[in-house]
Every structure is written in structure tokens, then in C-alpha cells.
Amino acid sequence: MKFDPRHNYLHLNRQQRPPLLRRLHLDFLLLAGLGFLACIAFLILFSAGGQSSELLVRQMVRLLIAGGVMCAIAQIPPRLLNRYSPAFYIGTVVLLLAVLVMGEIGKGAQRWLDLGILRFQPSEFAKIATPMMVAWYLAEHPLPPSWKRLAMAGGLILLPTLMIAKQPDLGTALLVAAAGAAVVFFAGLSWRIMLGMAGAIGALLPAIWYNLHGYQRDRIRTFLDPEADPLGKGYHIIQSKIAIGSGGIFGKGWLNGTQARLDFLPESSTDFIFAVLAEEFGLFGCLSLLAVYLLIITRCLFIVLEAQNTYSRLLSGSLTLTFFVYVFVNIGMVIGVLPVVGVPLPLISYGGTSMVTLLAGFGILMSILTHNKRLLAGGSL
Amino acid sequence: MTTQLTIRDNFLETRLFLNRIIAALVLVVLSSIGLVVRLVYLQVVGHEHYATLSRENYIKIAPLPPTRGLILDRNGEVLADNAPTYSLEIIPEQTTNLSATLEQLKELLHLSEEDVKRFQNLRLRHKGFESIPLKVHLSDEDMARFAVNLPKFPGVSIQGRLVRYYPQGELTSHVVGYVGRINEQELQNLDPAEYRGTYYMGKTGIEKTYENELHGKTGYEEMETNVQGRSIHAVGTTPAQSGANIHLSLDIKLQKTAYDALEHYDGAIVAVEPATGRVLVLASKPGFEPNGFVTGIDDATYTALQNAEDRPLYNRAIRGHYPPGSTIKPFMGLAGLELGAVDASQRLFCPGYYQLPNQEHHYRDWRKSGHGTVNLTDAITQSCDVYFYELAHRLGIERMHDFLKQFGFGEKTGIDLAGETGGVLPSQAWKRKRRHQAWFPGETLIAGIGQGYVQVTPLQLARAVAILANRGKVVQPHLADRLQSHIGEQYPNPHVEADTNTFIPASSGHWKTIVDAMIDVVHSAHGTAKGINYNLTYQIAGKTGTAQVFTVRQDEEYKDLHVSEKLRDHAWFIAFAPADHPRIAIVVLAEHGGHGGSLAAPMARQVIEQYLAETGQ
């Protein structure tokens, strides 16, 4: 018997019906992983935020909103996502332009768009809109893409990236570029071209260096030699390393991390929250968290593998890889192997917009999974 | 055709896609391994290093200053005490309105602008949660007035601290010394860990010599501290160890008697227990009020003290250089006997002056008419200068120097007081080195009666007298008898040498001759100190001395009354008693006191009398 996902199956008996979660277009394994992350997040946030319940309540509200967004998006079938990708992309670019214009007027960094009752960052939309657009564009024709199409895809990525970099928000710009690049990677960009691009970027490094803002250069300098200015720009990373290192194997115990509790660790509930986990729960805690992330990513890769059409494959692949890049860049910066860029630890760091974007991404992944006719037909879900 | 192509495409695409998923998986795994490696490096390999850094971050050490040891006299009388004083302190953060609080306190306690200004300056250097003193040394009245109004002043409190107090004041100023605020220069030579939280240290006297022992060991409180430096709570405490109490051999009652005996004269009295070298009295007059130095003395007062004509800050007993005058004669006599230059029965004629062979110069005797025919005993009893001119001439300066050196002349006694000087015992080598001149024979004669280059400190002379009283046993004078912790543990004294058991080798007959002659000084009818021998139930062996302050020219005569006070001779008296079993050896110096016999000897007798009465016959 063939199942049609558009149908409701209420006329079937209990054994024959797909499970409830499936009918709600949600995936139990992903939900479980994300829920587990949320629990860890509350645990650490309570400690990092000076044991304030207010912080937890606000985070919980955000989580509920983001979860709602995720569930809503999961209901949209991939083919609709595909159809509206260009419109979404164009809308995002327009909003980014609006931000830049307003930033010009307001003199200085501007990331927010204030619509009176609603304040949001259009750059967060770009994290989803860009891979959607590139996937839509590349999926139109057989893969691997031609040179011309590659160049076009590059343009589609660069446009929002540069606009965000101009805000300036280097961290988000890099993530947007990474999301777009991941689509191109899954589309089968040849290794030779990738090597060549890496070489070209290497050659362009000096030029990029001169186009960076002073504080951005400082961050990179600090990353290369944090001890050079231990009380100034290197302070974050040094205190972060102290927090992690002093945690040892099993940590100082929950609520006993002196670095965070006594305010030595800056940004302890946002970008540097991983250091709090490392201090209080040690290597054991770090590996556990990493394991949860990897389990989620494994499930995502399964979705990518089983995706039925090119658009779904490319988009889900990109979202999965971007999620990992988030994790890697944040942890990498906190443990001092990457420069400090403003990337939060996915679903753990305190903060609103990035959580909505992330869960929206998981909504798309769930949609791709649960609208999969072959899997439903095979009953393997 | 098209369909076929699409099918082929799909197949290719799927393979390509699978490859990319595998590549992505490999990327994810490798990156994760990279993160894990780094985490292991930080949390396992570097754990100890970072744990230390973390601890240094949040643990601040607050010193717990030790209580300074007390200084007591031989009878347990406290000479240096720790008295509580109270100061008014403010924790700015806890006040509701700092400027209003200051204004009200100013009115209530009559604070000066100076007090408020100093407070404001201190406030700039401290954090808001630290307690900053507004006024130190609150009077009882101010305390009472503030205490009544305490509820009106949140964040303001009275803090008690122990401050050094010297109950005997001037009387012990030169012995006990005083403590003062540690200055920058001193700070560099101190162990910074031990002196965290200590603001005072010994500046002079016993306070200085025994600084290490008196100070005690600083304790520590480990405070958990946040990034702003605010203490959260204590995590560990190492209590402070109080400094050792120092029990001196000094007898404060005897010290007072000696001090008062000097009357209006500047000078010094030193008394020691001959058998042990324990110092019983070490008085230098004038003294000063030491308590002023503890809390910080103002410049004007200090300058006044320093420039005062009678130099009250100067410890005459251990730093004053004076010619010993005739007090050197018993030692010279022993030298003559021991080295065979004279014998006890040999008589010389004293015409009132002495001439070196082939020289015109008259070396005068203090008695112009002369003493007639005298033996050694007569020469000491009557203090005949001519006899000792001849004796010195026979001995020569080198033999004199070598013999007298055994009594400790010309070198520091090694007493446990800082700032001692060594006096001068001249020799040819000394003169060549210090004056770049050859020695003249006439200088030997002058040295023989304790004038010229010879210079002693009262303490040095007291040690020599003690050795004489011991019939040769050498002792080191010292003040600290024992060092004791507040729970009664004894500490070894690093500043006093153990008994060296050295003896000056001389025949007992010679010692007896000299001691008998000194007994005659007091007890015979011709003795220069016969004035003090009334009602004596024991024997005092003594010797008077008169130290010339200025030289009388050949054609002049010295007349006490004609010379102004400042140029009058210093009066000396040295003695020990009882003569057969001496329990006290004493030196009295009264600057510009004139004759030793009439002025200094009665002072010495007062002290001897009281000490012997106190300690029982």
C-alpha cells in the first residue's frame, strides 16, 4: 500500500497508521537530541548567568518560539520551499539593503531592523535564504554544475555575504558564506577547483587583511598571540583557556566554576558558555556535549542521504554542515584554536535570533524527512 | 533520449552526492577529533597549570598581622606594651550619602579639613567596599559621642588596633628604643611576605635589634575574590604567631634611681652583673619621649629634638666617646705588674710634674704640689699622674695597647643594641693609619693617664670594670635575658654569644693588689672617693676619673670656677661591690661634672646601695 503524505490516515487502524509525530512532520530522534541540548543549556545557563531564574525563563520563552517556528516550517513540503526560494532570497537581500541604508543614516554598526513592535536581524534570514537560493539555482540543471553556473552561484553567495560583512558582522557573514559554499560542495564542486579557490583565498589574504576593520584585525592578532596583551584584547581567550584547563577531567562541579561565577570569564552566558561547561563538568562534560552534537549531525546526514530530490539533498546537506560549522567555530574559538568571531554555541548560548534560525533549519530538515514518500512507503520510519 | 539522460544523470548525481556525504562525514569526524585533542591538551596535560592560574585568579591572600612581642624588665615590669587605640573608619559603599555623612561627622567630632582631605585622598586609592580610616586615635570623649550617634551613620564604624606604648617613656627611650612607620627604604630590606599588614618596625634600641623576634609570624587568610577584587568569603586561615616577649636583665627601678641620680647633668650610668654581663642599668641622659615616634612625629618636633644642644636622641652609654681619664689607672697598674715594668712595693717620687729625658716639657700632675713618694697602691688611691707617666714610659704604647685590648678597650662590646661605637685604643699602627703620623713618646704618657687619643664609651668601661671585678673572666654585656613566646616556649637568642669562658691571664696576687688599691680609693683616708664610705656595711672597690674636655696650655692653670660649664671636665666613677664577691659593676659619667670623687661617686653609691638591698646581702 502506498502512502501519500498529503493524506490523513485517520481511516486506517492503529497499526497501519504512521505514528503521530510523523503525521505532525516531526522527527523523534532530532527532537530528542535538541531537547537534550536544551536541558544541558538550562543547566549551564543557570550557573553561567549567576543562578538567575529570569535568564532561564527568557531562554525558555525563546526556545518555545523557536520550537514553534521549527514545527511550522516542518509542515511546508520541500517542493513549496523550492518554489519560494528565489522570492525569499530577494526579500532577504532587500532587507539587508534596508539595514545598510539605515546604518548609513544612524552612523555606525547596524544589524537590527526595527519595525516598531518587532526587532530582528535580516542577516539571520540570509543564513537560510542563501543556501535555499543556491540549492534552487543549482538543482535546476544536472550536476556537477558548469563553470558558468558555478560563477553565478558564487555571486548569489557573495551578495548577502558582503552586505553582512559591511554591517559589519564578520561572524555571520562567514556563516552565510559557509552555508552557500556547503551547497556548492554537495553539488559536486570538483576537488581541484576547491584547492584552487583555497589557493586564491590564500593569495588574497593580505588584501582581505587590509580591508578588515581595526577590531577585526585585533581579534586575529589576539588569536595568534593572546599573551601579548593579557589584560586587554587577549583577556577573553586567556580567561577562557584558564576556565577550560582548570576544569580538568571531571570539572569543578556544577555551580562551582570560579572563573564564571566570580566574573573572570567574560561573555560567560553567551559566546563563551562552552568554557563554563568545560570548567564545571571537565573533559567528561565536553565530550558528552560533543557526542550529542555528533548524534544530531549523524541523524541529519541520514536525512541528507535519504533526501529524494536534488534541491532537498543540497539544502539539507548545507544545513547539516552549517550546523557543524557553528559548533566547530564556537568551540574552536573558546578553546583558542580559531580567532574570536561572534558565533554562539548552537542551542546552548543565551540569545534569541540565532536560535530561531537554527531551529528553522531543523524544521526544514524535518520537512524533508517527513515528506519523503519512499521512506514512508518503505515503513522504515 | 532525454529520459535516458536524466536517468544517467540521476545515477551519477547520486554517486557524486554519496561521495560528498562521506567527505562531509570525514570532515566532521576529523574536525571533532581536532577539538578533542585540543580539549585533552588543555584539560588533562595543562590542567595543573591552568588550575594554578585559576586559583591565582580568585584567591587573594589577606595578611593577618601578628601581635608584637612585649619587652619586660627583670621583674616582669612591662617596658613596651601594645595598647589598643580606636579609629573612625568608613566603608564608602555602605553609606547612604557620603558627603552628607562626612559633613555630619565633621561637626559631631570637630574634624579638621586636614582629616577630611586625607580621607578623600585615601578614598581614591581604595575600592568602595574597603574600610578607610577617617580619624585615628579617637579620644574617649569622641568615642562616646560617636557611639551614641552610631545608628545615624551606616557604613561608619570604630575600629580597634594595637599600637606600641612605652609606659616608662623617657626612662627607657635609649634602651628599649621605639617603633615607627616602615619607610620605603626599609621596606626593600624586609621580607615582603612577612611584612604584609605590618606598618611598624623597630627603629632603635631593643626594638630594632630584636625586630625579627618581636615581630612574630604573619598569618594569612585566603579570600575568594571576584574580578573586581571584592572578597566573597574566607576559604582558609593560617593564624598569625605573636612575636616573642623579651625579658631584659634591666632593672627599671634601678634605672630610675640612676636616671634621677644624674640630676641635671647630661651623662650616662651603666651597671652590669659582673659574672654574667647582664646589664642592670643603661641610662643615658637626657632621654626623650618615645611614644611620640610611634604614631608619627611632626617635622618640627623631630628637628627640635635633633638639634637640641644636649642631644637627647644620642645614646651616650653606647655611643659617647670620652677620654677615660684616671679610671684607666687600675688597668694600667695591672699592666705594669703583669709585664714587670713595676712591682707593688716600688716607690717613685712625684714632684707634681714629669719630664721625659732630655725634654723641657712639663707633664703636669693634677695636684700641683705633687704626691711625694708613692707606690702603686698610693698612686691608684690618690690618682697620682706622675707615677703613671713613668709607668707608661716604661711600658711603651705597644705593650700598653696589647694589654689593655684584653679588657675590650678600643672595640665594641657586642651588646644587643644597635648603633654601638668602639672607642679608641691608640697604637703606633692606629695613629699611622688614622692620622698618617708617627707616634710621639709624649703621647704615650698622656695615654697612660687616660687622656689624649684614648677614648671609651661608658658601656665599654663598664665591661672592663666587670672583668676586673671577675678577676679576669671576660663577659659580653647584654640586655635580653630570655626570649619567650606567649605560651612560654623559650627561643634561643641570636644576638648574644654564649659564655666564651675567656680569662685574662694575670696572677691572683696582681689582681689583689689592684682591687685592694681600688678598695682604698673608697675606704682609705687618702682615697679620692672617701666621701662615700660612710655607713658602708660592705666594701666598694672604685676609681675616680676626670676627663679633660679641653687642653690647658703650659703657662695656664686649670680652675674649675673660671671655665664655663661647657668646658668643665667630665666626672667619672667606676666601681664594683661588694669588693670580694662583686654583684654589681658600675660606671658613672657626668658630663662637665668636674671631679669624679665628689660628684660621680655618690651617684654610683646610690645605685649600688639600692641594688644590693634589693637583691639581698
Side-chain angles (χ1 to χ4, degrees), chain A residues 141-144 182 185-189 191 238-252 257-259 261-266 278-279 282-287 290-291 293-294 297-298 301-302 304-305 307 309-310 313-314 317 320-321 324-325 327-328 331-332 335-337, chain B residues 2 4-60 223-233 235:
Chain A
H141 285 265
L143 298 178
F185 168 78
F186 280 105
L189 181 65
W191 294 107
I238 289 174
Q239 293 303 336
S240 171
K241 275 157 71 177
I242 291 174
I244 296 165
S246 64
I249 293 173
F250 292 108
K252 297 176 182 172
T258 51
Q259 286 287 101
R261 182 160 55 81
L262 301 172
D263 299 336
F264 290 99
L265 182 70
E279 185 182 20
L283 183 63
F284 174 75
C286 294
L287 294 183
L290 214 53
Y293 277 128
L294 289 179
I297 285 164
T298 311
L301 284 175
F302 173 77
V304 176
L305 192 66
N309 55 54
T310 312
R313 283 174 175 174
L314 295 183
T320 305
L321 211 51
F324 178 72
V325 168
V327 175
F328 181 75
I331 297 181
I335 65 180
V337 294
Chain B
T2 330
Q4 258 191 333
L5 205 83
T6 315
I7 291 165
R8 247 182 59 206
D9 263 357
N10 266 341
F11 176 70
L12 262 178
E13 265 182 33
T14 306
R15 222 181 61 181
L16 180 72
F17 199 61
L18 198 64
N19 281 340
R20 286 304 150 108
I21 289 176
I22 291 166
L25 194 63
V26 169
L27 185 74
V28 166
V29 169
L30 285 181
S31 310
S32 300
I33 289 173
L35 292 181
V36 171
V37 167
R38 173 70 175 178
L39 280 171
V40 168
Y41 171 75
L42 287 179
Q43 300 192 294
V44 180
V45 181
H47 172 61
E48 214 152 300
H49 172 66
Y50 289 112
T52 310
L53 288 181
S54 158
R55 204 176 155 69
E56 279 170 8
N57 253 352
Y58 75 93
I59 294 291
K60 293 281 174 292
M223 301 296 293
E224 190 178 283
T225 309
N226 74 358
V227 71
Q228 286 89 28
R230 184 192 299 266
S231 296
I232 308 290
H233 61 90
V235 290

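Here is the naming used below: chain letters follow the sequence lines, and residue numbers restart at 1 for every chain.
One finds the CG atom of B:Leu42 at 10.0 Å from the CG atom of A:Leu283 (value rounded to the nearest 0.5 Å). Interatomic distance, A:Lys241 NZ to B:Ser54 OG, rounded to the nearest 0.5 Å: 15.0 Å. Note that CG of B:Leu25 and OG1 of A:Thr320 are 11.0 Å apart. Values are rounded to the nearest 0.5 Å.
A distance-only check finds no donor-acceptor pair linking the side chain of B:Glu13 to the backbone of A:Thr310 [under 3.5 Å]. B:Arg20 places no side-chain N or O within 3.5 Å of a backbone atom of A:Gly317 that could act as its donor or acceptor partner.
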message: Under the criterion side-chain contact (heavy atoms from CB on, under 4.5 Å), I'd like the reasoning laid out for A:Phe186 against B:Ile21: C-alpha separation, chi angles, the key distance, then a yes or no.
response: CA-CA 7 Å; A:Phe186 280 105; B:Ile21 289 176; 4.0 Å; yes

task: Would you check, one step at a time, whether the test side-chain contact (heavy atoms from CB on, under 4.5 Å) holds for B:Thr14 with A:Arg313?
output: CA-CA 10 Å; B:Thr14 306; A:Arg313 283 174 175 174; 3.3 Å; yes

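Both the backbone and the side chain of A:Ile244 come within contact range of chain B, judged by heavy atoms closer than 4.5 Å. For B:Val40, the parts lying under 4.5 angstrom from a heavy atom of chain A are both the backbone and the side chain. With a 4.5 Å cut-off on non-hydrogen atoms, A:Leu294 touches chain B through its side chain but not through its backbone. For A:Ala278, the parts lying near chain B are the backbone and the side chain together; criterion is any non-hydrogen pair under 4.5 Å. With a 4.5 Å cut-off on non-hydrogen atoms, A:Ile242 touches chain B through its backbone and its side chain both.
When each of B:Ala51, B:Gly34, B:Gly46, B:Ser31 is checked for heavy-atom pairs under 4.5 Å with chain A, B:Ser31 comes out on top. Interface remark: of the candidates A:Ile335, A:Leu290, A:Ile297, A:Ile335 forms the most heavy-atom pairs closer than 4.5 Å to chain B.
Residues A:Ser246 and B:Leu53 form no side-chain contact, since every pair of their non-hydrogen atoms from C-beta on lies 4.5 Å or further apart. With contacts defined as side-chain heavy-atom distances shorter than 4.5 Å, the pair B:Leu35/A:Phe328 qualifies. Side-chain contact between B:Phe17 and A:Val304 is present, with at least one heavy-atom pair separated by less than 4.5 Å. Here the side chains of A:Phe324 and B:Ser32 are in contact, with some heavy-atom distance below 4.5 Å. Two residues are said to be in side-chain contact when any heavy atoms from C-beta on lie closer than 4.5 Å; A:Ile249 and B:His47 fail this criterion.
Considering every non-hydrogen atom in both B:Leu16 and A:Gly188, the closest pair reads CD2-CA, 3.6 Å.
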